[in-house]
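Keep in mind that the numbers below use all heavy atoms, side chains included, and drop hydrogens, waters and symmetry copies. All chains are named by letter (A, B, ...) in the order of the sequence lines, taking the proteins before the strands, and each is independently numbered beginning at 1.
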There are 2 protein chains.
Amino acid sequence: MASPAYARKKQPEAVRRALLDAAARIAVEQGAPGITVQAVAEAAGVTKGGLFHHFPNKQALIEAMFADVLEQLDREIDAHMAQDQDPHGPFSRAYVETLLVGERFGVGSPFDALSVAVLAEPSLGDLWATWLRDRLVRHQDTDADPMLEVVRLATDGAWLNHVIQRTERPRLEGLREQLLNLTRQAAP
Amino acid sequence: MASPAYARKKQPEAVRRALLDAAARIAVEQGAPGITVQAVAEAAGVTKGGLFHHFPNKQALIEAMFADVLEQLDREIDAHMAQDQDPHGPFSRAYVETLLVGERFGVGSPFDALSVAVLAEPSLGDLWATWLRDRLVRHQDTDADPMLEVVRLATDGAWLNHVIQRTERPRLEGLREQLLNLTRQAAP
DNA sequence: GTAAAGATACCTTTCGGTAGGTATCTTTCA
DNA sequence: TGAAAGATACCTACCGAAAGGTATCTTTAC
């Protein structure tokens, strides 16, 4: 009589994905302290032992989740930039569109998990810093304008406020318009 | 032979202060997970029992710390505003000056504890939201301009980036100048 | 003397992590 | 082709440490 848990088919990829998604979801819904290996494993339909088969320790799990979300962010930004013809500030506009009003932004989105995770695990700050620096170097010819930096910082600020306050998705439409306009102001 | 701990004079006010300060300091230095009642009590030179005499539970301690820091922030902002003659956007300028480059609330200051605390105790988000809303209502005649909101959000963003990246205090001077200039732009 | 301030000792739960098992998949080779 | 052999995936059961919290004692202050 095999235990019911053993009856399930093996699907390492799917389980790994489920673990990463579960971690992100818990981070968003319960905040950083809610991210326990027990909770994550359970939410992914696996036991703690199963989790530790995929990740050597908790930190590795969080780092993997972080990298995963960063990758999604990367893709989304690139997609936005591909549709932008204006040579001035395309990265900054994509930044606004993606983080401020993108489908994935808002409560329950994986992106919220970024801030939660990063503030919970200070070592991740380096990853974030590296990511940002790389993108800035890559787009230095088009997005180095100080005003564009202000726009990106304001995006970060709006994002932070939203995560912290856990409010309803507010009237971001006006803010978006304004920030986008600012990216086109004072073009060289 | 009295225990050395008992030899010390009793000073409830001072101990309470020490506990709040210790909590804030630990939050800044070690992040949210470092805030344990044990660590806080120890850092304040008191035992756990002593801490629990002043605060019924951990959450109460964190909330008190949060309120305490918010109060300091309040005072500092008011002080800045008192020296500002320009009727347009004084609150937003004080916000920039205090949170971006202020001695007490710049990067590496007690204010960092706010974010950390919020993550440790998500319910605190409401407190922050309330504080901000109150100040905005109070200054709606002078600081409702959308551009001023962008300035404040950019301040939040810059602060977030520094907390996350834990970098050296970088060239904030240029950013400060720019943000202050923006508050004076497009005045009615 | 009595109440507040603080210390000591202990309890319960939960945390991250380990050990070793069992089931399933993949490769090897007759 | 197919079964043995090995590797991979996942589970059960457990551990030590540390967490938050309580009960009770001693000391100090008024």
Quiz question: going by heavy-atom distance under 3.5 Å, is there a donor-acceptor pair between the base of D:dG20 and the side chain of B:K48?
yes

By nearest atom, which of the nucleotides D:dG20, C:dG16, D:dC11 is closest to the B:V37 side chain?
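Of all the options, the side chain of B:V37 is nearest to D:dG20.
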
Out of D:dC10, D:dG21, D:dG20, which nucleotide sits closest to the side chain of A:P12?
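Between D:dC10, D:dG21, D:dG20, the one nearest the side chain of A:P12 would be D:dC10.
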
Hey, does A:T36 reach any base, or is it just sugar-phosphate, or nothing, if we go heavy atoms under 4.0 Å?
sugar-phosphate

Length of the [atom1]-[atom2] vector between [X] and [N], whole Å:
X: B:Q38; N: C:dA7; atom1: CD; atom2: C1'; answer: 13 Å
X: A:F52; N: C:dA19; atom1: CZ; atom2: C1'; answer: 13 Å
X: A:N57; N: C:dC15; atom1: CG; atom2: C1'; answer: 14 Å
X: B:K58; N: D:dA19; atom1: NZ; atom2: P; answer: 9 Å
X: A:L61; N: C:dG17; atom1: CG; atom2: C1'; answer: 14 Å

Quick one: is D:dT8 close enough that its OP1 or OP2 comes under 4.0 Å of any side-chain N or O from A:H54?
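Answer is no, no contact under 4.0 Å.
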
Would you say a side-chain N or O of B:H53 is under 4.0 Å from OP1 or OP2 of C:dA7?
no

Using 30° and 60° as the class boundaries, would you call the ring planes of A:F91 and A:W131 parallel, tilted or perpendicular?
tilted

Considering only NZ, NE, NH1 and NH2 on the basic side and carboxylate oxygens on the acidic side, decide whether [X] and [Y] come within less than 4.0 Å.
X: B:R176; Y: B:E173; answer: yes
X: A:R17; Y: A:D21; answer: yes
X: B:E97; Y: B:R93; answer: no

